[in-house]
Amino acid sequence: MAGTVRTHRALDVVDLSEGTEVTLAGWVARSRDMGGILFVDLRDASGVIQVVVDPSELPEAEQLRMEYCVAVTGTVRPRPGGTSNPDLATGDVEVGATGLEVLSPSDPLPFMVDDRHDVDELTRLEYRYLDFRRPDMAARLRARAAATNAMRQAMASLGFLEIETPTLIASTPEGARDMLVPSRLRQGSFYALPQSPQIFKQLLMVGGVERYFQFARCYRDEDFRSDRQLEFTQLDLEGAFWDEEDVRSAVEASIVAATAAVRPEASAPGFPTLTWREAIDRYGTDKPDVRFDMELTDLSEVFEGTEFRGFGGALAEGGVVKGMNAGALGLSRSGLDGLVERAKELGAAGLAWAVAEDGGSLRSPIAKFLSEAEVAGVVESLSAETDDVLLLIAGPWRSSSEILGQLRVDLGKPKGHDELAYLWVVDFPVFEETDDGGLAPAHHPFTAPHSVEEMRTDPVNALSRAYDLVLNGTELGSGSVRIHDPAVQAQVFETLGISDDEAERRFGWFLRALRYGTPPHAGFAVGFDRLMAILVGASSIRDVIPFPKTQRGVDPLTGSPSRVEEAQLEELGLDVRPEIKAAWEAD
RNA sequence: GGGGGCGUGGUGAAGUCUGGAGUUCACGCCGGCCUGUCAAGCCGGAGGUCGCGGGUUCAAAUCCCGUCGUCCCCGCCA
């Protein structure tokens, strides 16, 4: 790493023999002026080394301030007895300075460049370049690069070709809102930024690539969350002549590589599999956090023929009674009622709580409605021990399970990310029920169903060959076996309610491509930012995205998005609506 | 679109509930002292439109209304 400006990096000094002349360059992390001797902690990308200055020889050292960028010439020497610093990788050595050059001074800092002080995130983003100098963020940048590398190597060693796809593409109305880019050469027309490279990677399969991958930047113009940004990165992959099992093993290889690169101390992860139905049934979500148990139990049999109308009514309508043992939470009456409120917020008609007492009885607002056998059945089914809080809900299978599942996460989710629990969820339904009771496709229309026939005759129960990867309760990515037969694709469009005309107009070119000997193919996309956030223990993907945006879509550092010159708009054949301009004037 | 938290010298926090002088703590900044520190220490100093606007009040960082910013959640994310 030697260069013309410096001969060594800070960390290299450890391996040099006493008396070696070095020139180092970096930033002043700290300087401690003792009067007759002055210590400078010099930081570069490799680490920190202590430089010792005699101010009578180098008086300019007294002018050094935090984060000045400096070059130091000096001699390597062991630290005098008793002055080693075990907290520093270079703590046994130091550099006695013979020369000092300020390469660039620093203004007083807007915040401390260390991990000891919490700093408001907006300020960090405004000065992101200083944020990168903090050890946490520097480590996250390195971790991200290490993971990218590891995954790239894993894919390459499996014979995948890294191929780029365009970022200026045609808009499609499905899915998320598109980010649009106006065309100058064809005024009034717009490119869209890709929500994923989906169609292009399928075209690569038609093109005989057989194994494709890419770190793809994707864009979805929807509201922000701690795990969602307008632009984000996916490890996107697709292969031909393979199926779901092969896809999963390739994804696992890349995930194992990334995990090993970022979390070398973690044991190699396993990848258990649940069907979608099992996941909802046992965990009340299609992205279960399996780091903890607290599974849901079906109590419908216990309440068969119950006198309690709250439960009996639900069962009579084909619903279920489900329960969960939340353990000894030690909640007060108002705390327990708070859970009921929370359940109602989540859309439950009601929630019953019960606290197990000595002798197998239950303390609960509904206890008086339950028979002895029902109480015993609940206690037994939920393995309730004294003081355990039991939550019971009755209603349709899916929504009841999901409400309990949300409470399960509220009450049981472990803090921190030390444990890594990966999980496949397979056999998603083709359709999801909408609020008004209709059916809407759960995936993009190129996803292969297990059976087109079933899609037609029993759409509610039809399963698709789609699968998700879950980590610690976060959806890391999804994939599917694609449709490669144009006839099947046409049938699926029809079943999804896309007419022949519409399909031809919007996807005609794609359907044509499928008619030229398309191989069976399948693929996946890993949400790389989410993976990194969990691997490094960050609570938001903003901490692993170098230059993220705030919830309002603003970059506080550069000020994007920004207004543009009238002339730029004219070239594009655009104008800003008068009421928007009027609002600008009012500013 | 909806619900909630937060906004106080450059930074982070306390003060707000229960109105009474811009008060306090830590870091940073400026000046001074100091030859083995490493979150150095000691002494002194500067630095504020309590996000913004309006209202209530003798009096507002504090109460009320609005607004902006930020974060979390619901909706949204095929």
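Residue numbering restarts at 1 for every chain, and letters A, B, ... go by the order of the sequence lines.
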Starting at the 5' end of RNA chain B, which residue's closest nucleotide do you reach first, A:Ile37 or A:Pro108?
-> A:Pro108
B:rG15 versus B:rG7 - spacing of their P atoms, nearest Å = 10 Å
Please determine, for B:rG20, whether a Watson-Crick or G-U wobble partner exists with both distances under 3.5 Å, and give it or none.
-> B:rC58
Could you please name the option among B:rG10, B:rC30, B:rG36 that lies closest to any side-chain atom of A:Arg65?
-> B:rC30
RNA chain B nearest-nucleotide lookup for A:Asn85 and A:Asp120: closer to the 5′ end is A:Asp120
What are the residues of residues 66-76 of chain A, sorted by number, that bring a heavy atom to within less than 4.0 Å of RNA chain B?
-> A:Met66
Minimum-distance nucleotide (side-chain atoms of A:Ser540 versus B:rC72, B:rA78, B:rU11) | B:rC72
Looking for any heavy atom pair under 4.0 Å, which part of the strands does A:Met112 touch: base, sugar-phosphate only, or nothing?
-> sugar-phosphate
Searching all strands shown, indicate the nucleotide that pairs with B:rG47 (Watson-Crick or G-U wobble; both distances under 3.5 Å).
-> none
Would you please confirm or rule out a distance under 4.0 Å between OP1 or OP2 of B:rA78 and any side-chain N or O of A:Gln195?
-> no
Would you say A:Thr550 reaches B:rU70's phosphate, i.e. side-chain N/O to OP1/OP2 under 4.0 Å?
-> yes
When we call it a touch if two heavy atoms are under 4.0 Å apart, what does A:Arg342 touch: a base, just sugar-phosphate, or nothing?
-> nothing
Report the base-pairing partner of B:rC42 (Watson-Crick or G-U wobble, both distances below 3.5 angstrom), or none.
-> B:rG32
Contact under 4.0 Å: A:Arg32 side-chain N or O vs B:rA40 OP1/OP2 | yes
Could a donor-acceptor pair under 3.5 angstrom be found where the side chain of A:Arg116 meets the base of B:rU11?
-> no
Mark this stacking check for A:Phe111 against B:rU11 as yes or no, applying ring centres under 5.5 Å and ring planes under 30°.
-> no
A:Gln50 and A:Asn85 side chains, donor-acceptor separation under 3.5 Å = no
Decide yes or no, distance alone: a donor-acceptor N/O pair under 3.5 angstrom between the base of B:rG75 and the side-chain of A:Asp223.
-> yes
So, is A:Arg228 close to the B:rC76 phosphate, meaning a side-chain N or O under 4.0 Å from OP1 or OP2?
-> no
Without swapping roles, check the side chain of A:Lys549 against the backbone of A:Gln229 for a donor-acceptor pair under 3.5 Å.
-> no
Are any of A:Thr123's side-chain N or O atoms less than 4.0 Å away from OP1 or OP2 of B:rG10?
-> no
Could you tell me whether the phosphate oxygens of B:rU37, OP1 or OP2, come under 4.0 Å of any side-chain nitrogen or oxygen in A:Arg30?
-> no
Nucleotide nearest A:Arg79 (side chain, heavy atoms from C-beta), chosen from B:rG69, B:rG10, B:rC38 = B:rC38
Does a salt bridge link A:Arg228 with A:Asp223, judged by any charged N lying under 4.0 Å from a carboxylate O?
-> no
Do A:Tyr219 and A:Asp178 have side-chain N/O donor and acceptor atoms under 3.5 Å apart?
-> no
A:Arg408 (side chain) donor-acceptor with A:Leu296 (main chain) under 3.5 angstrom = no
Does A:Trp27 offer a backbone N or O that forms a donor-acceptor pair with the side chain of A:Arg43 under 3.5 Å?
-> no
Compute the ring centroids of A:Tyr467 and A:Phe428, then answer whether they are less than 6.0 Å apart.
-> no
Check: A:Thr83 main-chain N/O paired with A:Arg79 side-chain donor or acceptor under 3.5 Å | yes
Looking only at N and O atoms, is any donor in the side chain of A:Glu94 or the base of B:rG36 less than 3.5 Å from an acceptor on the other one?
-> yes
Distance-only donor-acceptor test (3.5 Å): side chain A:Arg225, base B:rG75 = yes
Touch check for A:His117, heavy atoms < 4.0 angstrom, all strands: base, sugar-phosphate only, or nothing?
-> sugar-phosphate
Could you tell me whether A:Ser226 contacts a base, only the sugar-phosphate backbone, or nothing, with contacts defined as non-hydrogen atoms closer than 4.0 Å?
-> sugar-phosphate
As its Watson-Crick or G-U partner within any shown strand, both distances under 3.5 Å, B:rG69 has B:rC6
Looking across every strand, which nucleic acid part, if any, lies under 4.0 Å from A:Pro55 by heavy atom: base, sugar-phosphate, or nothing?
-> nothing
Have a look at A:Arg43 and say if it touches a base, only the backbone sugar-phosphate, or nothing, with a 4.0 Å heavy-atom cut-off.
-> nothing
A:Ser84 near the nucleic acid: base, sugar-phosphate alone, or nothing, with a heavy-atom cut-off under 4.0 Å?
-> base
Is a donor on one side and an acceptor on the other found under 3.5 Å between the side chain of A:Ser451 and the backbone of A:Glu454?
-> yes
